[in-house]
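Side-chain atoms are counted along with the backbone in the values below, which use heavy atoms only and exclude waters and symmetry mates. Residues: numbered from 1 along the sequence shown. Worth saying up front: this structure is predicted, and the values here are computed from it rather than measured. Atoms within a ligand are numbered from 1 in the order they appear, just like the ligands themselves.
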Amino acid sequence: MEETDEQTEVQDPRLRRRLVLIPCPLQGHMTPMLQLATLLYSKGFSITIAHTHIIFPNQSNYPHFSFQSIISGGKPPSDVKTFIFYINNNCADPLKECLLSLLSKSDKQDYEPVVCIISDAMMYFAKDVADSLKLPRMVLRTSSAISYDAFTYVLQLNQQGCFPIQESRLEERFPDIPPLKFKDLPTMKTSDGSSLYEFLLKMLLTTKASSGLIWNTFQDLEKLALTSITNDVHIPLFAIGPLHKTVTTISSTTSLLPQDSTCISWLDKQSPNSVIYVSYGSIVGMDQTEFVEIAWGLANCGHPFLWVIRPNSVANCSQWEKLLPDGFHEIVRGKCCIVQWAPQQDVLAHHAVGGFWTHSGWNSTLESICEGVPMLCRPCFGDQAVNARFVSEEWRVGLNLENGLEREEIVRFIRKLMEGKEREEMMVRVKDLKEKAKNCINQGGSSLESLQSLINYILSFNK
Ligand code: UDX
């Protein structure tokens, strides 16, 4: 899509509409919401971001948006699941106040009327607020369509009393969503099943009760899942991704952490397709044993590597350097670059990068596909195992490191990803998907058409 971040279809201000967007304050959710905001702004909508003070974007990067805080103060829980409950339990009243103030302003001629709110699916508190004000509410799904399908089945299976699934069945294929295995369903990874179900139920019920669903995906990638969801939800679906390719916003503007660009100069010195890039996204951590095995696997694989190690991402260890034995640094000298946070999209687009070892978060998966980089998947929780299964067995553009994480196995998998016939075959398929991702946002492409339908749909709210 040839877009700039400037408004390209600016209308008479009296006809403009304001959208209030409610992101979930986590990197993997905030990024696509800000990209959607930028895209809709470029189409003539005015944008208000209703955010928490816990994690929020740098407002100076978005001078055209207005920002409204819907919660401040208080120490949020550090565990992600409890954190999401905390937000949902505390943000409804502040959001209502914020919307009431915007609605009263729009009575004045110079302020655009709020026609719709768009909330992240995990921000389910927005439903009751929108209903009470009779405002249409749309939901942005920041993860894959297949994972939505999987979440739906988790609830059904739970209602049928099928959980916990016997240990012996975890490796079996899940017949309703091939090629998933039972162990890929998100429920298997949590000890506290009941709160997971409660969370999923609230999220899915409020999603289905919305006026429409916006997806950061594209038809050629997830046609089957999108069709199955259309049949299930009976509300309009708009698959308009990959969002990061539809806007020209540079990735640093959506990043909540400062990106270390020194790794790009390091990549400049490496041979084409030689480097394995390793990053587990913004939440996933690892224990100390895993960390040491990964380090040795990377040191022994024979390929240069760029490794993102976020502060405090190794459990109970503030100085991961101390976990590496004497001699490690000598072995990897000149062959590795370690940063706390990278400009990931630029890294994946760099000609030196030949593979991506990822936790299979949806943004990382899409970003890798869009740059034609095959993946080594090491999923951890939530939607990640579902994404990894599809990457490795449906789209066949990566490998799934799903069993033990020990150094010899890591070396074997990295070599398979970076060398030989299997790599060549994955490269053909990932390049094909890259091309499809490019085409869907160009003239006549499915995502561009969906975006136009979405705009028309939002405009219809004001009639
Ligand atoms: C979370 C969940 O873990 C994920 O499964 C879900 O699909 C979305 O929410 P996260 O773990 O952060 O997200 O992973 P991901 O979705 O891949 O998003 C990470 C984002 O951070 C990507 O956009 C990536 O480009 C960016 N990133 C990551 C950086 O900019 N620099 C880095 O060093 C690492």
Side-chain angles (χ1 to χ4, degrees), residues 23-36 55 57-58 61 79-81 83-84 120-123 140-148 150-151 184 186 189-190 199 203 215-217 222 241-245 247 249-264 266-267 277-286 305-311 313 337-350 353 356-371 373 375-391 398:
C24 170
L26 296 171
Q27 178 74 72
H29 293 253
M30 185 73 81
T31 296
M33 187 63 94
L34 289 170
Q35 289 160 345
L36 175 67
I55 299 173
N58 182 347
N61 287 330
D79 158 67
V80 172
K81 198 172 52 174
F83 173 68
I84 297 301
D120 186 287
M122 294 206 331
M123 303 288 92
L140 172 66
R141 296 277 325 176
T142 58
S143 48
S144 57
I146 33 159
S147 66
Y148 176 96
F151 287 139
D184 300 329
K189 303 272 165 62
T190 173
F199 169 70
M203 187 169 74
W215 296 86
N216 186 16
T217 189
E222 295 206 274
L243 279 167
H244 72 286
K245 289 290 181 186
V247 287
T249 321
I250 46 170
S251 67
S252 61
T253 59
T254 58
S255 185
L256 300 172
L257 292 170
Q259 296 178 328
D260 183 346
S261 293
T262 54
C263 58
I264 299 293
W266 179 81
L267 283 175
Y277 168 56
V278 188
S279 168
Y280 276 12
S282 64
I283 305 171
V284 168
M286 63 191 81
F305 59 93
L306 166 55
W307 189 4
V308 176
I309 308 178
R310 292 188 331 270
S313 58
C337 175
I338 296 178
V339 293
Q340 295 195 351
W341 192 248
Q344 180 161 301
Q345 290 173 33
D346 300 335
V347 166
L348 289 169
H350 198 286
V353 172
F356 180 14
W357 178 346
T358 170
H359 68 311
S360 300
W362 187 238
N363 295 288
S364 293
T365 304
L366 274 182
E367 289 162 14
S368 205
I369 285 174
C370 287
E371 301 308 335
V373 177
M375 286 162 266
L376 179 54
C377 304
R378 176 70 187 175
C380 183
F381 66 84
D383 57 336
Q384 296 158 11
V386 173
N387 300 336
R389 184 70 58 201
F390 270 68
V391 164

Point to revise | Arg310 side chain vs Val339 backbone, donor-acceptor pair below 3.5 Å | key: no

**Study point:** Test of proximity, Gln345 against ligand 1: N or O pairs below 3.5 Å
**Key:** no

Review point. Does Thr142 have a heavy atom less than 4.0 Å from any atom of ligand 1?
Key: no

Review point. Taking side chain as C-beta onward, heavy atoms only, is Met122 less than 4.5 Å from Leu26?
Key: yes

Exercise for review: List every atom of ligand 1 that sits less than 4.0 Å from any heavy atom of Ser364, numbering the atoms from 1 in the order shown and giving each element.
Suggested key: 15 (P), 17 (O)

Practice item. Enumerate the atoms of ligand 1 whose separation from the nearest heavy atom of Ser282 is less than 4.0 angstrom. Key: 10 (P), 11 (O), 12 (O)

Exercise for review: Using distance alone, determine whether Ser360 and ligand 1 share an N or O pair under 3.5 Å.
Suggested key: no

Practice item. Flag Ser143 as yes when one of its N or O atoms lies below 3.5 Å from any N or O atom of ligand 1, and as no otherwise. Key: no

Point to revise | Polar atom proximity, Gln259 to ligand 1 (N or O, under 3.5 Å) | key: yes

**Study point:** Contact check, His359 vs ligand 1, heavy-atom distance below 4.0 Å
**Key:** yes

Check your understanding: Looking at Ser279, which atoms of ligand 1 are within less than 4.0 Å of one of its heavy atoms?
Key -> 34 (C)

Practice item. Return a yes/no value for Ala342: is any of its N or O atoms, backbone included, closer than 3.5 angstrom to an N or O of ligand 1? Key: yes

Study note, to complete from the structure: With Asn387 as partner, the option from Ser364, Ser144, Ser360 fulfilling side chain to side chain donor-acceptor pair (under 3.5 Å) is Ser144

Review point. Are the side chain of Ser313 and the backbone of Ile309 linked by a donor-acceptor contact shorter than 3.5 Å?
Key: no

**Study point:** Under-4.0 Å salt bridge between Glu371 and Lys245
**Key:** yes

Review point. What is the distance from atom OH of Tyr280 to atom CZ of Arg378, rounded to the nearest 0.5 Å?
Key: 6.0 Å

Point to revise | For Gln27, atoms of ligand 1 separated by under 4.0 Å from a heavy atom | key: 21 (O)

Review point. So, the side chain of Asn216 versus the backbone of Leu243: is there a donor-acceptor pair under 3.5 Å, distance only?
Key: yes

Exercise for review: Check whether any side-chain N or O of Glu222 sits under 3.5 Å from a backbone N or O of Ala145 as a donor-acceptor pair, and report yes or no.
Suggested key: yes

Practice item. State yes or no: are the ring centers of Trp215 and Tyr148 separated by less than 6.0 Å? Key: yes

Exercise for review: Taking only heavy atoms of Val308 into account, list the atoms of ligand 1 that are under 4.0 Å away from them.
Suggested key: 33 (O)

**Study point:** Donor-acceptor contact present, side-chain Ser368 to main-chain Val373, <3.5 Å
**Key:** yes

Check your understanding: Purely on distance, is any nitrogen or oxygen of Asn387 under 3.5 Å from one on ligand 1?
Key -> no

Check your understanding: For Trp307, is the nearest heavy atom under 4.0 Å from an atom of ligand 1?
Key -> no

**Study point:** N/O donor-acceptor pair under 3.5 Å between Asn363 side chain and Gly28 backbone
**Key:** yes

**Study point:** Atoms in ligand 1 flagged as close to Gln384, the criterion being non-hydrogen separation under 4.0 Å
**Key:** 2 (C), 3 (O), 4 (C), 5 (O)

Point to revise | For Glu367, atoms of ligand 1 separated by under 4.0 Å from a heavy atom | key: 22 (C), 23 (O), 24 (C), 25 (O)

Check your understanding: Asp383: heavy atom below 4.0 Å from ligand 1, yes or no?
Key -> yes

